[in-house]
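Each chain gets a letter, A, B and so on, in the order the sequences are listed, and its residues count up from 1.
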There are 2 protein chains.
Amino acid sequence: METVGAAEAAPRPGLRERKKQRTRDALLRAALELFTTRGYEQTTVDDIAEAVDVSQRTFFRYFPGKEEAAFAVQDMVEEQFLESLRARPPHEAPLEALRRAVLDNWDRIGEAIMSLVPLELHLRMFRAIESTPALLAAHLRRSVETEEQLARLLAAREGLDVDTDPRPRLLTAAFGGVMRVTGRQWSTSEDLSLEGIRALTAAYLDQMGPALTGNWRATGPSGSGG
Amino acid sequence: METVGAAEAAPRPGLRERKKQRTRDALLRAALELFTTRGYEQTTVDDIAEAVDVSQRTFFRYFPGKEEAAFAVQDMVEEQFLESLRARPPHEAPLEALRRAVLDNWDRIGEAIMSLVPLELHLRMFRAIESTPALLAAHLRRSVETEEQLARLLAAREGLDVDTDPRPRLLTAAFGGVMRVTGRQWSTSEDLSLEGIRALTAAYLDQMGPALTGNWRATGPSGSGG
DNA sequence: TTGTCTTTTGTCAGTGGCTGACATTAGCCT
DNA sequence: AGGCTAATGTCAGCCACTGACAAAAGACAA
């Protein structure tokens with residue numbers, strides 16, 4: 001409601017804005033490239049800054065810290081997952097909504113990733129996160145934050161108070177656990193593709209029930225293995 | 001099998017060893033005391049060292065880093081939990097064994113904690129961990145490591161291969177999720193006692209099933225609230 | 001075009017976690 | 001007492017990160 005009646009789709013930002021965007025983009029790519037080749041700990045912020053030919057200080061003006069650069073794409077993925085869940089019709093049961101939202105998201109996410117960095121680079125970065133203790137820790141903390149938002153969303157859908165009824169948080173925690181195991185397994189597999197992780201997600205969600213009832217000796221892993 | 005036939009219970013370690021133990025003990029207590037009062041980020045390693053009147057370098061000879069000091073007691077708790085699980089009779093189903101092991105552990109753990117630091121100090125530290133992002137991240141990563149060990153233990157019990165059958169990891173991940181929600185809820189409650197967290201653990205484990213089936217609107221939270 | 005305003009960037013100095021190297025202290029043992 | 005070894009202190013240095021200030025470099029109006 002600012003410019004009156006003008007079709008203000010994308011009035012092409014000025015040179016300044018474009019330059020900023022390019023710098024951020026270059027920093028992000030350089031960071032991921034270095035993290036995934038040399039390793040996260042072995043990459044200094046100076047290395048990244050030098051690769052883009054800016055000062056170290058400039059890097060910190062674009063990213064709060066080294067870590068945040070590593071998770072810039074992941075940020076977007078999680079954001080979009082929340083949107084996927086918000087888009088689920090209200091009649092779906094909580095776990096069903098979660099399930100459909102993730103799977104939906106794996107179908108949609110490729111485009112969004114590629115608008116930031118090459119898809120393959122992000123997949124490699126995901127692997128690096130899983131295998132770097134410091135990044136894994138950060139990843140888990142971020143996941144917990146996402147789970148909290150999911151819990152609040154579901155509680156609202158069902159008309160529950162998340163502070164007096166533990167079930168929403170318990171569900172999203174268990175769900176998050178399954179996602180974590182999925183991501184871990186996928187990151188050590190050979191099939192580093194979105195289709196691969198989508199299939200694994202579906203398979204592991206199917207296994208959650210059997211895993212909990214726990215009469216493991218009676219039946220083998222019904223469905224897919226690893 | 002070193003000293004032949006000698007009743008080598010506790011031949012009272014020499015002065016050197018005793019001094020070392022005292023220094024470590026003092027460092028740990030000073031660290032926890034400072035972390036829980038001033039805050040983790042607001043406490044420098046120099047502060048801790050100075051409080052014990054040793055050099056900063058000495059602190060790092062006793063603890064690999066600032067973080068490890070914060071988790072020294074937690075280390076022991078997790079270790080003992082694993083033992084509790086190993087002690088479960090083999091006929092118990094996996095989830096049942098986990099449940100009994102945690103509850104057992106909450107009954108036993110008080111003694112072990114008090115042999116290191118005052119119980120109340122550790123409980124305060126647990127709170128600090130939950131509310132300090134950097135510590136929460138570390139806590140989660142450590143939890144995931146514990147879950148992996150739990151999964152391997154259970155898989156061995158049931159004669160399963162943890163690398164081809166996802167169910168052990170899925171179970172311990174879900175279980176870990178419940179523990180996390182429990183710890184979080186407890187850390188924000190008023191009842192900061194071992195009995196309190198034991199009761200909450202039992203209640204939340206009971207809620208896991210209902211939370212997953214997810215027909216939340218039909219029934220209120222059967223059992224305890226928060 | 002020029003001059004002004006504002007944003008972006010670089011430079012510099014400093015803090016805190018952490019490490020390697022080397023000298024010093026202090027328990028230990030004959 | 002004197003030598004051996006383990007614990008400690010000191011010092012120099014790396015890296016992530018921050019505040020402060022000065023130096024470019026777009027944006028915009030006259």
At under 4.0 Å, does any side-chain N or O of [X] touch on OP1 or OP2 of [N]?
X	N	answer
B:K66	C:dC18	no
A:T58	C:dG10	yes
A:Y62	C:dT8	no
B:K19	D:dA7	no

(message) Could you measure the distance from the CZ atom of B:R169 to the CZ atom of A:R184? Nearest 0.5 Å is fine.
(response) 4.0 Å
(request) Mark yes or no for whether A:R157, through its side chain, and A:R88, through its backbone, hold a donor-acceptor pair below 3.5 Å. (result)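 A pair under 3.5 Å: yes.
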(request) For A:T23 and for B:R16, find the nucleotide of DNA chain C with the closest heavy atom, then tell me which residue's nucleotide is more 5'. (result) A:T23
(request) With DNA chain C as reference, determine whether B:P64 or A:E17 sits nearer its 5' end, using the nearest nucleotide of each. (result)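 Comparing both residues, the 5'-ward one is A:E17.
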(message) Show, in sequence, the C-alpha distance, side-chain angles and deciding distance for A:D191 and A:S189, and conclude whether the side-chain hydrogen bond (donor to acceptor under 3.5 Å, both in side chains) test is met.
(response) CA-CA 6 Å; A:D191 181 10; A:S189 81; over 6 Å; no
Tell me the interatomic distance from [X], atom [atom1], to [N], atom [atom2], rounded to whole angstroms.
X	N	atom1	atom2	answer
B:R22	D:dT8	CZ	P	11 Å
B:D46	C:dG14	CG	P	17 Å
B:R57	D:dC11	CZ	P	14 Å
A:Q56	D:dC17	CD	P	9 Å
A:E67	C:dG17	CD	P	17 Å

(request) Look at all strands and tell whether A:F63 reaches a base, only sugar-phosphate, or nothing, counting heavy atoms closer than 4.0 Å. (result) nothing
(message) Applying a 4.0 Å non-hydrogen cut-off, can you work out what B:S55 is touching in the nucleic acid: base, sugar-phosphate, or nothing?
(response) base
(message) Can you pull out the residues from residues 37-45 of chain A that lie within a 4.0 Å heavy-atom distance of DNA chain D?
(response)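 Heavy-atom cutoff 4.0 Å gives A:T43, A:T44, A:V45.
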(request) Establish whether the base of D:dG26 is bridged to the side chain of A:R18 by a donor-acceptor pair shorter than 3.5 Å. (result)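 Not at all, since no donor on one side and acceptor on the other fall under 3.5 Å apart.
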(request) Compare all side-chain heavy atoms of A:L32 with those of A:H122 and state whether any distance is below 4.5 angstrom. (result)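 They are not in side-chain contact.
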(request) Answer yes or no: is there a side-chain heavy-atom contact under 4.5 Å between B:T188 and B:E130? (result) no
(message) Checking side-chain polar atoms at under 3.5 Å, does B:T146 have a donor or acceptor matched by the opposite partner on B:S143?
(response)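 Short answer, no.
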(message) Can you confirm whether A:E50 is buried at CD, in the sense that more than 12 heavy atoms of other residues, nucleotides or ligands lie under 6.0 Å from that atom?
(response) no
